[in-house]
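Note sheet for the following structure.
Heavy-atom basis, side chains included; hydrogens, waters and symmetry copies ignored. Keep in mind that this is a model prediction, so the values were computed, not measured. Within every chain, numbering begins at 1; the chains are lettered A, B, ... in the order of the sequence lines, protein sequences first and strands thereafter.
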Amino acid sequence: MNTASGEPVEEKKSLNFLEQLVEEDVKAGKNNGKVHTRFPPEPNGYLHIGHAKAICIDFGMAKDFGGKTNLRFDDTNPAKEETEYVDSIKEDIKWLGFDWDDREFYASDYFEQLYNWAVKIIKAGNAYVDDQSSDTIAEQKGTPTTPGTESPFRNRSVEENLDLFERMKNGEFEEGSKVLRAKIDMASSNMHLRDPLMYRILKKAHHRTGNKWCIYPMYDYAHGQSDYIEGITHSLCTLEFEVHRPLYNWFLEQVYEEGKPKPRQIEFARLNLSYTIMSKRKLLELVKDKHVSGWDDPRMPTLSGMRRRGYTPASIRNFVDTIGVTKTDGVSDVLLLEHSVRDDLNKIAPRVMAVLNPLKMIITNYPEGKTEELETPNNPEDENAGSRMIPFSREIYIEQEDFMIDPPGKFFRLAPGKEVRLKSAFIVRCDDYKMNSTTGEPEEIYCSYFPETRSGGSEANRKVKGTLHWVSVPQALKAEVRLYDRLFSDPEPDGHKDVDFKEFLNPDSLKVSECYVEPGLATAKALEHFQFQRIGYFNVDPDSRPGKLVFNRTVALKDSWAKAGA
RNA sequence: UGUCCUGUGGUGUAAUUGGCAACACGUCUGAUUCUGGAUCAGAAGAGUUCAGGUUCGAGACCUGACAGGACAACCA
């Protein structure tokens, strides 16, 4: 944008609350004005659209302030974590368009350091080994409204604690028989400060450290210290960690050395999407119980599922950008997401001819056996997209719903006696039709065409209300289409206390059928995007094979005719 | 009956030393179109959860309600 004088005008976009806080820190010279963030997934599931928001924020914030972002796997629980998830997470972040360079870290890389710091905290008298069972510890925790009670082991000597903790590490005790706890305040109004666990005994192999350790640090202890080790300045996370912040800071103070970057935790609202569930546990349930074909089922809100469905990285980034960053948790409408894909695909997806529910049209005055090639633009929204040739002949398929024997007033399509344009071809008039005696539906329609109305021809400018897409019968390719719809029929499937979210599974979320597509699609590659003209955006499923094409519907085109309730 | 956080059109957000509530999506008109798409023009829709207070002036500041969310895993 420019002013009359040619001066560039800064498009003033207001900063979100996170950017404001970070900017204040930078201006105040904290951490020498540096900004370094991290994205810390736990490798226990696939990334979903909610993670995409966090990724965009973590990487975007650093980029905006000239800093870097680390990828750190928060792998402190060997019982749940697997390498399969590590690989998929890396693939998804790259696909989304972000890069961590060589800064790929693991909390498990820090186990030794974390252990040494724990020893230091014990020596300072701020941690102790507790011999009680988890049930007893839970009981002593109190409730949000009543204070907890102190463990009888709370005041063991430093020497005894040191000895016990080392023996815990050496595997001398059974799983669950001892834990290391921070000694803070059993009466705190913040439950997380009531002597939280730092370490538990887990005799399980870890996906990276194998059997080297049999004690593993808890999230609160490991996460903040990992931030500190990596020189993270801003530890951005979701709102549910808000109450953890005092503990985050407490642990940090135990080991902090002057002059080093001091990470600051700031929380933002996680993404909630209507008609969608975001819980990893529940998504896993859908996979395990075979309600979907896998983590990458195109109906899943996972990034791998959305990629397969035909969502583009840009559409997801734009979506995240439009919903913004705040501390108010609400539910964003999937409509915004869908608008975002349409918007992106409209600009980049080549238009092709495809007929989902074929109805044969015979053009009675077109020479039998003749075929001609007609030129059609690849994408009218993109001047550089060029054009291609498509075959036309005496018999073509049109969409069943584009023909009505007795149409209502504003029906712009084909009906007996009416004229319509065939996209990039001719204007035709319907003269007659044949009914199928068993179905009671039209089976074939007979039309005459007007040779001079060919696109670019002398009568091409004749006004007709409707334009139909079509596919020439002899050259048509048969393909499979998978028509996807929302996985759930309720706006908040997991928002009902007494009803299981699976009750809201949409039985029509997938309809598989056959269609006819133009011959040029024979060479379409997996994940390639197209617009099936007048129908919707589709992409090629990885299941697709030469001779057995498979298309997924990403999202339908907006349809004001259907919406009018016709 | 605790502590912390949050309340702005249907939805998501904006209003940066207090100054006539803005934008996007959606909705509805109309124009245009060889996609009933896209595009363009326009309209409706909130007086900012409520009640007090400070002020010439409050969405913003103060007080008190109310509503929603988070927190009592050897999960992250």
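- Aromatic ring centroids of Phe241(A) and Tyr219(A) lie under 6.0 Å apart.
- Spacing between A58(B) and U49(B) at atom P, rounded to whole Å, works out to 15 Å.
- Out of C74(B), G2(B), A38(B), the shortest distance to the side chain of Asn346(A) is found at A38(B).
- Distance from the side chain of Lys558(A) is smallest to G26(B) among C71(B), C74(B), G26(B).
- Figure legend. C28(B) is base-paired to G42(B); pairs are counted as Watson-Crick or G-U wobble with both atom distances under 3.5 Å.
- Nucleotide G7(B) is matched to C66(B) when pairs are restricted to Watson-Crick or G-U wobble geometry with both distances under 3.5 angstrom.
- Considering only side-chain N and O atoms, Lys327(A) lies nowhere under 4.0 angstrom from the phosphate OP1 or OP2 of G69(B).
- Between the side-chain ring of Trp561(A) and the base of G36(B), a stacking contact exists by the 5.5 Å and 30° definition.
- Pair assignment for U16(B): none, as no Watson-Crick or G-U wobble contacts are both less than 3.5 Å.
- On a pure distance criterion of 3.5 Å, no polar donor-acceptor pair joins the side chain of Gln20(A) and the base of U16(B).
- A58(B) is unpaired under the Watson-Crick or G-U wobble criterion, no partner having all donor-acceptor distances under 3.5 Å.
- You'll find that the side chain of His244(A) is closest to A76(B), out of G7(B), A76(B), U11(B).
- When each of Glu381(A) and Leu202(A) is assigned the nucleotide of RNA chain B bearing its nearest heavy atom, the one mapping closer to the 5' terminus is Glu381(A).
- Using a 4.5 Å cut-off on side-chain heavy atoms (C-beta onward), Leu252(A) and Asp227(A) make no contact.
- Each of Asp75(A) and Thr453(A) was matched to the nucleotide of RNA chain B holding its nearest heavy atom; the match closer to the 5' end belongs to Thr453(A).
- As rounded to whole Å, 5 Å separates atom C1' of C5(B) from atom CD of Glu242(A).
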